[in-house]
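Computed from a prediction, not measured in an experiment: that's the story for all the values here.
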Amino acid sequence: MGEVKHLCLVKFKEGVVVEDVLKGMTDLVAGMDMVKSFEWGQDVLNQEMLTQGFTHVFSLTFAFADDLATYMGHDRHAAFAATFMAALDKVVVIDFPVVVAKPPPPA
């Protein structure tokens with residue numbers, strides 16, 4: 001198995017300063033070599049029926065499943081996860097191997 005994605009869909013609690021959470025997440029992954037890439041985004045279409053209230057997505061890419069396991073068990077991740085989960089109203093997390101159906105065009 002090659003690359004693995006760790007995907008989180010979230011709805012923040014009322015009053016949470018989302019920028020603070022984003023900075024914390026960025027700071028967390030910046031110092032963790034096992035994280036190959038980190039992307040996040042906010043819903044732009046606001047289709048409540050489809051999003052079910054989820055507003056943000058966080059995506060981390062790992063070269064191997066073992067790297068994801070190391071990340072999940074890391075003390076820094078555990079410390080941040082407590083803060084992160086306290087800021088959330090709802091969350092869905094899924095980890096999956098990357099299957100490329102359409103590769104990006106050459107740069």
Side-chain angles (χ1 to χ4, degrees):
M1 179 185 327
E3 285 188 342
V4 174
K5 291 272 188 187
H6 177 68
L7 188 71
C8 300
L9 298 171
V10 304
K11 176 184 178 188
F12 289 101
K13 291 179 180 174
E14 287 291 323
V16 168
V17 179
V18 175
E19 291 76 18
D20 291 346
V21 177
L22 297 174
K23 181 175 180 347
M25 185 71 178
T26 301
D27 291 347
L28 169 69
V29 300
M32 302 185 85
D33 292 339
M34 76 286 290
V35 178
K36 186 174 176 182
S37 68
F38 166 59
E39 301 86 25
W40 71 270
Q42 183 173 356
D43 180 53
V44 295
L45 296 180
N46 300 315
Q47 298 180 58
E48 177 65 29
M49 188 175 93
L50 297 176
T51 64
Q52 299 178 30
F54 292 98
T55 57
H56 291 75
V57 62
F58 298 90
S59 175
L60 288 85
T61 304
F62 300 88
F64 305 100
D66 288 349
D67 292 339
L68 170 60
T70 299
Y71 169 78
M72 295 299 288
H74 198 283
D75 290 343
R76 289 184 60 207
H77 173 264
F80 181 76
T83 301
F84 184 70
M85 295 302 286
L88 303 182
D89 186 36
K90 297 190 326 184
V91 63
V92 172
V93 177
I94 188 166
D95 302 301
F96 60 96
V98 174
V99 177
V100 178
K102 179 180 178 184

Next item on the list: Give, for atom CZ of F64 and atom OG1 of T70, the distance between the pair rounded to the nearest 0.5 Å.
Entry: 12.0 Å
Next item on the list: Output the rest of the hydrophobic cluster of V99: all Ile, Leu, Val, Met, Phe, Trp and Tyr residues reachable through side-chain heavy-atom contacts under 4.5 Å, sorted by chain and number.
Entry: none
Checklist line | Residue list, side chain to side chain donor-acceptor pair (under 3.5 Å) with S37, at least two apart or on another chain | finding: E39, T61
Notebook entry, point to check: Measuring from T26:OG1 to K23:NZ, what's the distance to the nearest 0.5 Å?
Noted result: 8.0 Å
Only pairs under 3.5 Å count here: list side-chain donor-acceptor contacts from residues 84-97, not counting sequence neighbours, and write none if there are none.
unit_1	atom_1	unit_2	atom_2	d
D89	OD2	K11	NZ	3.3
K90	NZ	Q52	O	2.2
D95	OD1	H6	ND1	2.4

Note to self: Could you work out, with salt bridge (Lys or Arg N to Asp or Glu O under 4.0 Å) as the rule, every residue matching K13, not counting sequence neighbours?
What the structure shows: none
Next item on the list: To the nearest 0.5 Å, tell me how far F62 CZ sits from F38 CZ.
Entry: 10.5 Å
Next item on the list: Any chance you could pull the hydrophobic cluster mates of V98, using side-chain heavy atoms under 4.5 angstrom and chaining through other members?
Entry: V100
Next item on the list: Flag the pair M25 / W40 as yes when at least one side-chain heavy-atom distance between them is below 4.5 Å, and no otherwise.
Entry: no
Notebook entry, point to check: What pairs with V44 under side-chain contact (heavy atoms from CB on, under 4.5 Å), at least two apart in sequence or on another chain?
Noted result: none
Check: Which distance, rounded to the nearest 0.5 Å, do you find between the CE of M34 and the CG of L68?
Finding: 10.0 Å
Going by atom type alone, with no hydrogens or angles, which donor-acceptor pairs under 3.5 Å involve a side-chain atom of residues 74-83 and a protein atom two or more places apart or on another chain?
unit_1	atom_1	unit_2	atom_2	d
H74	ND1	R76	N	3.0
R76	NH2	D27	O	3.3
R76	NH2	L28	O	3.4
H77	ND1	M72	O	3.4

